[in-house]
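Shown next, in structure tokens, is the structure this report addresses.
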Amino acid sequence: MSASAVPAYSQNARVDAMAPNVPEGSKLLLAANEVVYNKDNETVTARGAVQINYAGYKLVARQVVYDQKTGRVKAYGNIELIEPTGNRLYGDEMDLSDDFANGFVNAVRVETTDLTKLAATSGERVNDEEMILNHAVYTACTPCATNPTYRGVWEVKAERVVQNGRTKTIRLEHARFEMFGRPVAYIPVLEVPDHTVKRKTGFLFPQFRFDQKLGFGVTTPYYIAIAPDMDATLSPTGLTSQGFLMEAEFRKRFHNGMVTLHAAGINQSDPDRFTAGTSDQLETNRGMVGTTGAFQINPRWAFGWNAMLQSDNNFSRTYSIKGFKADTYVNQAYLTGLSRRNSFDLRAFYFDVQDADPNNEAERRQAIAQVLDHQYIVPQPVLGGELSVTTNFTNIDRDLTDSTLVPGGIRFAGLEGGSTRFTSEVEWKRQFIVPGGLVLTPLLAARGDIHRLDVRSPVGYGGDFETAGSATSSMLTAGLEARYPILVTTDSSSHLFEPMAQLYLRPDEDLAGRLPNEDAQSFVFDASNLFERDKFSGFDRIEGGSRANVGIRYTGTFDNDVRLRSIIGQSYHLGGVNSFATPDLVNAGANSGLETDSSDYVGMAGIDLPIGITFTTGARLDKDDLSLRRSDVSLGFANDRFSTTTTYTRVAAQPLYGASETASEVQNRSSFKFRDYWSVFGSVTYDISNKVVARNGVGFAYDDRDTLFSIAYEQTRDKSNTAANDWSVMARLMFRTIGDIQIGTDSD
């Protein structure tokens, strides 16, 4: 039967007593197999499957007795009390106040909303803000949510546990920390934030590190919760070989973004441990300051930055300053905008090369760049087709010329001085499907470039070159693409064959090889760019002359989930001057496979099997003798327990491009879950050409979402023999809700 709160708790005095702890107007809903009112004793007894809902509390028990004189509620048998916060209390006997705020429980268990557990012989709730548990056990047990029989790796046994609702803390007194049922540490007092706290000032768990030339280090981070939108972390580290390293990070959050400020410094006690003549060895007082910012102005616009300033060119990499340890740190500021038909990207770059060269020549050869990219697609069709406008503005300044000796001359990756280029291109294209299924896409494009030049003459360059003043160039293109999709279906599969041909008619490239080439240096001809109108990777070079691209694509799908894909084709220079055969400062087209009238053959094939195997291969074959010019092969397998990926890459010698020898290497990354929550992992990169292991690492981990333990060893071959640390050991031990211990830092 069920009963309302009114007849069961009809005394106004009792309602008034509950008012401070319960929202005004709260009602009680009682459901039970039997409810007995005893007027003589002033008690109400509910028996059998008792359920009480009151002011956000939910109580389930075999029997509940309410004493109207004392205002106490006593519950018996298989008790479960759910608090408004979501926490659950279990016990055999509970004695509670009528507002459920205070009381006593025997054989109590507590489960919080973040899946932590407390169990005790008895518990008492006092002052409406403290729960005191005697002879208690505390642990986190996420797997228990799906596997009640699971036993956690760790637990803390304490004589007394005090959960304080005002300070939002859990204090464990006279505690023993146990792992795998064995005590490993005695802790007189351990206080941790409860599950409702996201930020709290105090010491974090110590972190450890061990590096070849820094020695063993211990970091004791101190977290400061300054305000709801601000916090900071102080991280002093003692290093056995180099002394005291101090780090500090400040974070400020705004309604639409966040700013961070990071600083670190050290007075090296033993710089001679580093390689002689390096910036690591020559510097004693070292430090850095870095900042990042990211703001979302509105749903379309965003801006931000990341920047670092350091005392020398290698401090942050040597000491593995988190977020700033990359071999080349990219300082940049940006403003971006994106809508359905507009994209805008404005960026400024400064590349900080972190190496051990005290003269910092590698960084001085890097460009200081400002780049603007904008694309606009006209919303309404123009002559039935799509009209788009692409704009690029690039300004480059460089302190030193970047040059490399290659057979027959010098390759200039960049020139001392400055240059500016403004490019705008208009493109129109429209798709037609003619009877029979043939798809035709005509294309028209017009591009113009304006250049400002103030660079040092490339001494040793064999061709003419513009070094000062201004220059203009243009390109007109008329193109046609034809595709004829052929679909073949069987009872168990479908196959799509798509022969393709493209024809582009255009004049010769203006000033080919006579202008700086900053953004079109990285160039690989393969199946992925076979059908690109302009195969150069940037705006500083553009294809000139007439060209045809021919090939066929295939996609196959089978009912057993086997999937096949492939593409093969060739490109032909039909007339005019071949831009890929025209030398420039970096020999961008040399040895590319496109420098002759008929290109090399390029192809790609892949297969995906339902058992988890994926195989992909790509190749470029010489047009004359079909010898292998470039090859990429990847074989992968993954299931619930084992995953592995092996990649083989071979690139034939490209002497004019600066690669005098054939380069080949094989890489593998694998992991194996040999038991629930336990896994091993490793990686290796083998340089086949030089017959040496270039990089390798191995480790193992345990992760049940409450406890994470991992340890890994990593070694990298340093060709220059100047790296501060060419091997490192990384380890991490994390106990959810308690703390995180680290040795070393995560690899980039």
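Sequence positions, counted from 1, serve as the residue numbers for this chain. This structure is a prediction, so every number in the text was calculated from the model and none was measured.
Look at Glu425 and Arg447 and you find no salt bridge, because none of the NZ, NE, NH1 or NH2 atoms lies under 4.0 Å from a carboxylate O. Contact check on Glu543 versus Arg506 returns a salt bridge, with a Lys/Arg side-chain nitrogen under 4.0 Å from an Asp/Glu carboxylate oxygen. Using a 4.0 Å cut-off between charged side-chain N and carboxylate O, Arg365 and Glu363 make no salt bridge. A salt bridge between Asp534 and Arg541 is absent, with no side-chain N of the basic residue lying under 4.0 Å from a carboxylate O of the acidic one. A salt bridge links Arg398 with Glu518: the closest approach of a Lys/Arg side-chain nitrogen to an acidic carboxylate oxygen falls below 4.0 angstrom. The existence of a salt bridge linking Arg620 and Asp526 is excluded, since no basic side-chain nitrogen approaches an acidic carboxylate oxygen closer than 4.0 Å. For Arg563 and Asp608, the salt-bridge test fails: no basic side-chain N is under 4.0 Å from an acidic carboxylate O. Looking at Asp519 and Arg421, a side-chain N of the basic residue comes within less than 4.0 Å of a carboxylate O on the acidic one, giving a salt bridge.
Between the side chains of Arg650 and Ser664, not a single donor N or O lies within less than 3.5 Å of an accepting N or O. For the residue pair Trp305/Thr291, the side-chain donor-acceptor check at 3.5 Å is satisfied. For the residue pair Asp345 / His374, no side-chain donor-acceptor distance below 3.5 Å is found, with atom types taken as modelled. Side-chain atoms of Gln310 and Gln354 include a donor-acceptor pair closer than 3.5 Å. In this structure, a donor-acceptor pair under 3.5 Å is absent between the side chains of Ser457 and Thr467. Residues Asn392 and Thr423 have side chains that never bring a donor and an acceptor to within less than 3.5 angstrom of each other. For the residue pair Arg565 / Thr616, a side-chain donor-acceptor distance below 3.5 Å is found, with atom types taken as modelled. Using modelled atom types, one finds a donor on one side chain and an acceptor on the other under 3.5 Å when comparing Glu509 with Ser579. A donor and an acceptor atom, one from each side chain of Ser279 and Asn314, are nowhere located under 3.5 Å apart.
Environment of CD in Glu386: crowded, with over 12 heavy atoms of neighbouring residues, nucleotides or ligands closer than 6.0 Å. Atom CZ of Arg452 sits in a crowded spot, with more than 12 heavy atoms from other residues, nucleotides or ligands closer than 6.0 Å.
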Run the side chain to side chain contact (heavy atoms under 4.5 Å, CB included) test on Phe531 and Val550 for me, step by step, so that the C-alpha distance in whole Å, both residues' side-chain angles and the decisive distance to 0.1 Å come before the verdict. CA-CA 8 Å; Phe531 293 105; Val550 178; 6.0 Å; no
Side chain to side chain contact (heavy atoms under 4.5 Å, CB included) between Leu440 and Val434, intermediate numbers included: CA-CA 8 Å; Leu440 298 176; Val434 302; 4.0 Å; yes
What's the verdict on salt bridge (Lys or Arg N to Asp or Glu O under 4.0 Å) for Asp355 and Arg317, showing C-alpha distance, side-chain angles and the deciding distance? CA-CA 8 Å; Asp355 59 16; Arg317 185 179 73 140; over 6 Å; no
When you look at Phe525 and Ser599, which way does the side chain to side chain contact (heavy atoms under 4.5 Å, CB included) test go after all the steps? CA-CA 10 Å; Phe525 175 48; Ser599 76; 3.8 Å; yes
Using ring pair (Phe, Tyr, Trp, His ring centres under 6.0 Å), reason through Phe536 and Phe580 one step at a time and then give a plain yes or no. CA-CA 9 Å; Phe536 283 111; Phe580 299 104; 4.6 Å; yes
Evaluate the salt bridge (Lys or Arg N to Asp or Glu O under 4.0 Å) criterion for residues Glu481 and Lys429: first the C-alpha distance (whole Å), next the side-chain angles of each, then the deciding distance (0.1 Å), finally the verdict. CA-CA 10 Å; Glu481 178 185 273; Lys429 59 184 177 181; over 6 Å; no
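Geometric assessment of Lys252 against the ring of Phe254 yields a positive cation-pi assignment under the 6.0 Å and 45° thresholds. Judged by the 6.0 Å and 45° rule, Arg347 forms a cation-pi pair with Tyr334.
Aromatic ring centres of Phe497 and Tyr484 lie farther apart than the 6.0 Å criterion allows.
Under the 30°/60° scheme for interplanar angles, the aromatic rings of His495 and Tyr554 are found to lie parallel.
Of the options Asn529, Asp597, Asn549, a side-chain hydrogen bond (donor to acceptor under 3.5 Å, both in side chains) to Ser571 is made by Asn549 and by none of the others.
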